[in-house]
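For reference, the structure is listed below as structure tokens.
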Protein chains: 2
Amino acid sequence: MADTGNDHDTAVGAKLSPKPWSNTPSPMSSYVRPMLTDMYQITMVFAYWKQKRHEDRAVFEVFFRKTPFKGEFAIMAGLDEVLKYLANFRFSSEELDYLRGQIPHAEEEFFTWLGTVDCSCVKVYALQDGTTCFGKEPLVRVEGSLAVAQLLETTLLNLLNYPSLIATNAARHRLAVGSDKVLFEFGLRRAQGPDGAMSASKYSYLGGFDGTSNVLAGHLLGIAISGTHAHAYVQSYVGLDSLQTPFLRGQNLVEKALAYRSALGYSESNVGELAAFIAYAQSWPDNFLCLVDTYDTLNSGVPNFMSVALALYDLGYSPLGIRLDSGDLAYLSKRIRKWFTEVASAYSRPALQMLRIVASNDINEDVLYALSKQGHSIDAFGVGTHLVTCQAQPALGCVYKLVEINGQPRIKLSNEVEKVTLPSRKHLYRFFNENGVALVDFMTRDGEPAPKEGQRLLCRHPFDSKKRAYVTPTTIVPLLSLVWDGQKGGIQPGASRTLEESRTHVMGQLKEIREDVLRHINPTPYKVSVSEELHALLHQLWELNAPVGQL
Amino acid sequence: MADTGNDHDTAVGAKLSPKPWSNTPSPMSSYVRPMLTDMYQITMVFAYWKQKRHEDRAVFEVFFRKTPFKGEFAIMAGLDEVLKYLANFRFSSEELDYLRGQIPHAEEEFFTWLGTVDCSCVKVYALQDGTTCFGKEPLVRVEGSLAVAQLLETTLLNLLNYPSLIATNAARHRLAVGSDKVLFEFGLRRAQGPDGAMSASKYSYLGGFDGTSNVLAGHLLGIAISGTHAHAYVQSYVGLDSLQTPFLRGQNLVEKALAYRSALGYSESNVGELAAFIAYAQSWPDNFLCLVDTYDTLNSGVPNFMSVALALYDLGYSPLGIRLDSGDLAYLSKRIRKWFTEVASAYSRPALQMLRIVASNDINEDVLYALSKQGHSIDAFGVGTHLVTCQAQPALGCVYKLVEINGQPRIKLSNEVEKVTLPSRKHLYRFFNENGVALVDFMTRDGEPAPKEGQRLLCRHPFDSKKRAYVTPTTIVPLLSLVWDGQKGGIQPGASRTLEESRTHVMGQLKEIREDVLRHINPTPYKVSVSEELHALLHQLWELNAPVGQL
């Protein structure tokens, strides 16, 4: 069983020797610095230092309030980068110089101290990347000195918010198409900056995509890359005379293609496009997949493609298929499949009817469901803008809240009940029934005995005292495990998973959640509950801290 | 006058000596590599090389079709990073090894050649960063060998799309509040990855923001940074006994603050919060600005703040103000301002009524207009998620289209008229009236005589032949200038502006555009027109390339 943090080691100061992480480094690592933070973290830390409170023991928790995309689940991601950040956490002397200029009234001793700060005093518990998670649950718990734990806030949020959002988005796309369709991420050009693109490629793969068009992501992260040609390639050919040679494997490909074009009755199709397809076949005879909508999909692109494809079969090659990038994808794919089938039969080329139809152009989760409802013959989807920018909801609202200071539980109130925080260092468990289906998540406060399998337990809604239920879980899985211990080698064994491991974990996790919770529209909320003791603590602190108003 | 590219230098092959760029380097530069591209660029370039077409002369143009945020203008940004990318464009041997594995059937000569590729054969014309721009206009024109110009596509789009989007978003926020309010970017925690955050800080400053909370952006880009404390700081204080000392400047700050609190009639306000404010005042006596909504804004935060602020006045300091992060910002700000005024009068501290009220919490452009309509007393806004993720529209749709090959104009057709491209290498001019107000933008095809000031010119809608108008411009400004010439030192003198210069340029540019075009709701479209000759070419190529359909 993983260390779920029931011990409470407060030793500080020993030197750190971070282990090399197992994931391939990603480009962002190089500049995810302690300086990538909000100024108010520095401002606060100076105030703590002035008050000699910087070594106070603090516990912070990362959580979001609402699951994204009007759904009822999310996928945790970004922990791998968080671990690298913790291992490298140290201000450089150049950075300290900059901060000196920003806080001119601070004593030199402050900067001397700040220069010694690292994550050796910190312990981090977290959900594994790829874990299904829900609102109000601690995804990450940070324990350490008040100053250092505070300094980590903004960067941790930045490193978790977008990765978890895009992994969730990708998993939703995967649920929309099922396991038999191929999903490519095509969003590099529209992503929010170069690293937005790299993160998108990485975490959409984690969430269940099969590949990306992003070559750097392929190179650095080992993700399968894919891509044929674009419209410009087709446009660049004016006519057949721009071909270098009519031959392939010693046979006249142009003559053959023209003969098929004529036989198919499409001698009016765009001749520049035909030349482009022939040239492409000469360069990529074993990977012949053409974009067919540069001029007109049905009147030019598809007949040109079929003319060259039939010629390629004659030469002993196996063409791959076509890509649709505009128009009514359901209608076109069905129409083209029927056409492929007819031509396959007419020319005794059965493989032609099985050619791959790839679709792109403004695809999102809703479009995938709509296509599926209409029926279509698409084998693979390229998803760009909507996936990588998470157009349906471009930010996840993870926050980082103080839950305990020097052993005392703390609360943050709000006029909006949903924004009141759950106090104290917490443990998080998932309860399963005998079929391995998740029933409810359960939080306890530190110090309570851990819940036991087969025991009848009262699960309470944190805010609504009238909502509670007894549950007898067959299996209990503690979800938070120790991933970083500054006193014990930094990154903990098994904490840093490969991208592939996390991706596999997502697939397994989704199988544990009831289908109505995963449902696209109006999903059933998954219950996140607290123990009797945590419930009592919450309401006690709430009343204690809320001032009596004056109307 | 800038070189608008009427010459047509096609020499290639000379060595490149890029000039150092004038902007501070940003972190992304280090990994914006030729590999940060879509696989299909590589696929196409291999096909071009196989066909010996890689040295063909190509012209590509970058443009978007629709202005973002339901508006009628956009702000160009990202050119500075594009120039750095061009200067560093070269595949490493490690990258070539990866590509070898991806294209196993390619000849070794292909990789040898690919290893020699750089941007010495390329010329780039572009709008200056910060220029107002509109749909269908070329923002950037790339001329070079077909292979290299093709390889630049995806990366250029990535480097321009998000910066232009966020600069536009920032400019719209600035227009919403006018020039007298202060705007801070607070989005680091919610941005799309670390670099999404850095780009957001950078380009929202360019678009008209005053500062950011992002310390790294302050350090690397020289943007003013700002930030006081967060809720955790207040929560971390349980009571007055956690204070290290009651004194400031030798006087008992605690006693004084408690006396004011009692006199104000708020002895029920949260005492942990009071302690936090006192400690904060001791650390930041000259920058005393408090977040007042940890427990209850009106019943605790504001009275606690005023108690400490009045004590600080007694000690000779000048408190700064408060930050509101929840609730009805219009109501609260007015209520608090009134309260400040009353207390200022009661205690003869006139400065108190002028204290700064900062507001944050889910602010966006619509909220700013709504606040302004209701009336408010807010002096500064912190804008986070909505600004940096561009929630209202998280992607700009810039595309990169081939417009000319070996001197021949090219077109891409589509069933959607708006997606048909404007063929040929183009020039772009802005026409002004005698008051310096922009009348219309005007595109000509290469080789036409440039339009002349004071001359009556026919401006045509590109697609709708019935829409045309005569215009006699007082002033004509050519918008595209040569920013990169691989044969002449790379980055051209004056092409790389500082962030500050670009920001100033935005402010000037917006003054040239009619207010009804800039309007928040239902703005008047700005007219983008083409010359008679370009119009004729478009429609001629359209007909020539569109296949005759078969129903």
Side-chain angles (χ1 to χ4, degrees), chain A residues 27-28 31-32 35-40 43-44 47 50-52 98 154 157-158 161-162 188-190 192-196 199 213 215-216 219 225 227-233 235-236 244 268-270 279-280 283 295-296 299-300 385 389 391 394-395 402 405 410 412-413 545 547-549, chain B residues 27-28 31-32 35-40 43-44 47 50-52 98 154 157-158 161-162 188-190 192-196 199 213 215-216 219 225 227-233 235-236 244 268-270 279-280 283 295-296 299-300 385 389 391 394-395 402 405 410 412-413 545 547-549:
Chain A
M28 62 170 89
Y31 70 90
V32 177
M35 296 283 276
L36 188 75
T37 192
D38 283 313
M39 182 57 195
Y40 56 80
T43 309
M44 280 192 275
K50 281 286 277 187
Q51 295 278 328
K52 300 194 172 56
Y98 173 76
T154 304
L157 291 177
N158 180 281
N161 265 326
Y162 180 61
L188 172 53
R189 61 189 53 207
R190 301 284 168 82
Q192 298 201 340
D195 176 66
S199 302
S213 61
V215 181
L216 191 61
H219 182 209
I225 56 174
T228 54
H229 66 80
H231 297 120
Y233 181 80
Q235 288 171 270
S236 80
Q244 202 63 26
E268 289 293 319
S269 70
N270 190 293
Y280 197 68
S283 308
Y295 300 112
D296 187 308
N299 288 304
S300 185
T385 313
T389 65
Q391 197 138 2
L402 181 74
I405 182 96
R410 304 299 295 149
K412 181 205 164 283
L413 302 184
N545 281 280
V548 183
Chain B
M28 64 170 90
Y31 70 90
V32 177
M35 297 283 276
L36 188 75
T37 190
D38 283 313
M39 183 56 196
Y40 55 80
T43 310
M44 280 192 276
K50 280 286 277 186
Q51 293 279 328
K52 300 194 172 60
Y98 173 76
T154 304
L157 292 177
N158 181 281
N161 265 324
Y162 180 60
L188 172 52
R189 60 190 52 208
R190 302 284 169 81
Q192 299 203 339
D195 176 66
S199 302
S213 61
V215 182
L216 192 61
H219 182 209
I225 57 173
T228 55
H229 67 79
H231 297 119
Y233 181 80
Q235 288 171 270
S236 81
Q244 202 63 28
E268 289 293 319
S269 70
N270 190 294
Y280 198 68
S283 307
Y295 299 113
D296 187 308
N299 287 304
S300 186
T385 314
T389 65
Q391 198 136 2
L402 182 74
I405 182 98
R410 304 300 294 150
K412 180 203 163 285
L413 302 184
N545 281 279
V548 182

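Numbered from 1 within each chain, the chains take letters A, B, ... in sequence-line order. Nothing here was measured: the structure is a model prediction, and the numbers come from that model.
- Only the side chain of B/I405 comes within less than 4.5 Å of a heavy atom in chain A; its backbone stays farther off.
- For B/T228, the part lying under 4.5 angstrom from a heavy atom of chain A is the backbone only.
- Comparing A/K52, A/M44, A/Q235, A/Q244 by how many heavy-atom pairs each has under 4.5 Å with chain B, the most go to A/Q235.
- A donor-acceptor contact under 3.5 angstrom links the side chains of A/D38 and B/S213, judged on distance only.
- The two residues B/G196 and B/Y162 have their closest heavy-atom pair at O-OH, 3.5 Å.
- Considering all non-hydrogen atoms of both residues, B/T43 and A/G227 come closest at OG1-O, 2.9 Å.
- Comparing B/K50, B/M35, B/R189 by how many heavy-atom pairs each has under 4.5 Å with chain A, the most go to B/R189.
- Taking A/M39, A/Q51, A/Q192, A/H229 one by one and counting their heavy-atom pairs under 4.5 Å with chain B, the maximum is reached by A/Q192.
- Residue with the most contacts toward chain B among A/V215, A/L413, A/I225: A/V215 (heavy-atom pairs, distance under 4.5 Å).
- Between B/Y98 and A/H219, the angle of the ring planes lies from 30° to 60°, which puts this pair in the tilted group.
- Looking at B/N158, both its backbone and its side chain come within 4.5 Å of chain A, counting heavy atoms on both sides.
- Looking at heavy atoms from C-beta onward, B/Y233 lies out of side-chain contact with A/L402 at the 4.5 angstrom threshold.
- Under the 4.5 Å side-chain criterion, counting only non-hydrogen atoms from C-beta, B/N299 is not in contact with B/E268.
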